[in-house]
Amino acid sequence: MYLGTITVVATLNFEQARACVLDQVQAGRPEPKTDRVSLSEAGGRVLAEPVAADRDYPPLARSVRDGFAVRAADVPGELVVIGEVRAGESFAGEVQPGEAVEIMTGAPVPCGADAVVMVEHVTVAGGRVQVPRQIARDENISLRASQSRAKEVILEPGRRLGFAEVGLLAMVGRSRVAVFTRPRVAILATGDEIVEIQETPLDYQVRNSNVESLGVQVRRAGGCPTILPVARDLYDSTRELIEHGLGFDMLLLSGGVSAGKYDIVERVLADLGAEFYFDRVLIMPGQPLVFGKARGKFFFGLPGNPASTMVTFELFARAAVELLGGQRESSLPLLTSRLAQDFRQKTGLTRFLPAVLSADGAVVTPLSWQGSGDIPSIARANAFLVTEPDRETWQAGEPIRVLLK
Ligand code: AMP
Ligand code: MG
């Protein structure tokens, strides 16, 4: 039964639609809850607290080379070696004029010394070291607090923790950290033609691949996916499942958003009081694409064709999952590479076409593909070639934008 009306909803270009998602989710997201996790579980999570340095880094001046700690004013010249200092030790004495201390990388610079000469640049003989060249003060020394000061905030909340961030947390002695709870994302496929993946489909049926690819994409964005049963193209069952999906932190729908007679997703959402921010974006694949909010939850109605589902998730829904997960920012870096061959398109749309980027990133080759249903081509690709909508032709060797897969 069709109860509501869908008011006219905006058609946006790629940049406008992306900005719309970022703005709406930044402004309308609830503050996520937090968990405390051990450092070994923190990789990939989003930091929920500011983290400060527990002491100066480095805590004292350290040598960054193997060599000799000297007084810069003494060289060039010949110096008496009065001892050595290794990493993990500290030298008890003081370097006087005319003296040097043999020093290893990471060891504290002895009192009195103010530079380190690399071992490769000296000659050592009979307890003496010959330094043939001048050296600047502080050369080859990492000064106390040159990386950060005690109590200085070195990681802000909202940062996704990668290997370097986890290393930094370990450095300052944080064995447990507060992270944001992962957003729970419901994934709802629609369509009378969809069968389970373990079934043998009839010729006019397809297996439910979209929920599986979306599950991977949601997890990669830091969300926790739940796959709901397939909604058939009937009003009541679709409505029931959409209402269920709106009980999660976010709802991802696949299919049912085109202009067909049985594309009822928008109607159901309108009847549930949804606000629609856009329902068409000038991109390919993926023109019919719905983004809005209902019952306080953001939802995306992604087009059902698998390539469209995958691409529109990456372009728009990934940002929403990341922001709902407490990330301060969500980025979509478009790199530039050079075309391996001439390329031509019909103008009007920003296209995201499966392509292979060479191992060094220098050359991009578009793949042949049969349109939005062509999963094998997307699987062969390692990137998408990104066109400008108003340009018709490119020559081989010309720069073009690329989105990594
Ligand atoms: P729709 O956007 O509902 O018009 O769906 C377009 C096409 O995408 C359908 O004809 C199917 O071939 C395909 N499709 C829709 N949903 C799925 C799904 N969950 N998994 C795989 N393919 C799908
Ligand atoms: Mg459908």
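Please read all numbers here as calculations on a predicted model, not as lab measurements. Residue numbers count from 1 along this sequence. As the structure lists them, so they are numbered: ligands from 1, and atoms in each ligand from 1.
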Trainee: So, applying side chain to side chain contact (heavy atoms under 4.5 Å, CB included) with V101, which one of V95, V116, V109 is it?
Mentor: V95
Trainee: Considering only the protein, which heavy-atom contact is closest to atom 4 (O) of ligand 1, and what is its distance?
Mentor: S258 OG, 3.8 Å
Trainee: For R318, does its backbone N or O pair with a side-chain atom of Q217 as donor and acceptor, under 3.5 Å?
Mentor: no
Trainee: Considering the heavy atoms of I194, write down every atom of ligand 1 situated less than 4.0 Å from one of them.
Mentor: 15 (C), 16 (N), 17 (C), 18 (C), 19 (N), 23 (C)
Trainee: Students should be able to answer this: which protein heavy-atom is nearest to atom 19 (N) of ligand 1, and at what distance?
Mentor: N208 OD1, 2.8 Å
Trainee: Under the criterion side chain to side chain contact (heavy atoms under 4.5 Å, CB included), which of N13, V386, L315 is the partner of I283?
Mentor: L315
Trainee: With a cut-off of 4.0 Å, which atoms of ligand 1 are near a heavy atom of S254?
Mentor: 16 (N), 19 (N)
Trainee: Within ligand 1, which atoms have a heavy atom of S209 less than 4.0 Å away?
Mentor: 20 (N), 21 (C)
Trainee: For atom 1 (P) of ligand 1, grab the closest protein heavy atom and report residue, atom and distance to one decimal in Å.
Mentor: G256 N, 3.8 Å
Trainee: Got the closest protein heavy atom to atom 6 (C) of ligand 1, with its distance?
Mentor: N305 N, 3.8 Å
Trainee: Ignoring hydrogens and geometry, is there a side-chain-to-backbone donor-acceptor pair from D138 to L143 under 3.5 Å?
Mentor: no
Trainee: Could you check whether R220 pairs with E314 (Lys NZ or Arg NE/NH1/NH2 to Asp/Glu carboxylate O, under 4.0 Å)?
Mentor: yes
Trainee: Any idea which protein heavy atom is nearest atom 11 (C) of ligand 1, and the distance to it?
Mentor: E193 OE2, 3.4 Å
Trainee: Is it the case that ligand 1 has an N or O less than 3.5 angstrom from some N or O of G304?
Mentor: yes
Trainee: What is the closest protein heavy atom to atom 17 (C) of ligand 1, and at what distance does it sit?
Mentor: N210 ND2, 3.2 Å
Trainee: Return yes if some donor-acceptor pair links the side-chain N/O of Y262 with the main-chain N/O of D192 below 3.5 Å, else return no.
Mentor: no
Trainee: With heavy atoms under 4.0 Å as the rule, classify the contact between P306 and ligand 1 as side chain, backbone, both or neither.
Mentor: side chain
Trainee: Mind telling me whether F298 and F291 have parallel, tilted or perpendicular rings, with 30° and 60° as the class edges?
Mentor: parallel
Trainee: Nearest protein heavy-atom contact for atom 12 (O) of ligand 1: which residue, which atom, what distance?
Mentor: V206 CG1, 4.0 Å
Trainee: Backbone N or O of I197 within a donor-acceptor pair of the R207 side chain at under 3.5 Å?
Mentor: yes
Trainee: Just by modelled atom types, is the P285 backbone N or O under 3.5 Å from a matching donor or acceptor in the S372 side chain?
Mentor: no
Trainee: Below a 4.0 angstrom heavy-atom separation, can you tell me which part of A189, side chain or backbone, both or neither, approaches ligand 1?
Mentor: side chain
Trainee: Any heavy atom of G191 closer to ligand 1 than 4.0 angstrom?
Mentor: no
Trainee: What atoms of ligand 1 come closer than 4.0 angstrom to any heavy atom of R207?
Mentor: 20 (N), 21 (C)
Trainee: Any Lys/Arg nitrogen of E243 or R295 sitting under 4.0 Å from an Asp/Glu carboxylate oxygen of the other?
Mentor: yes
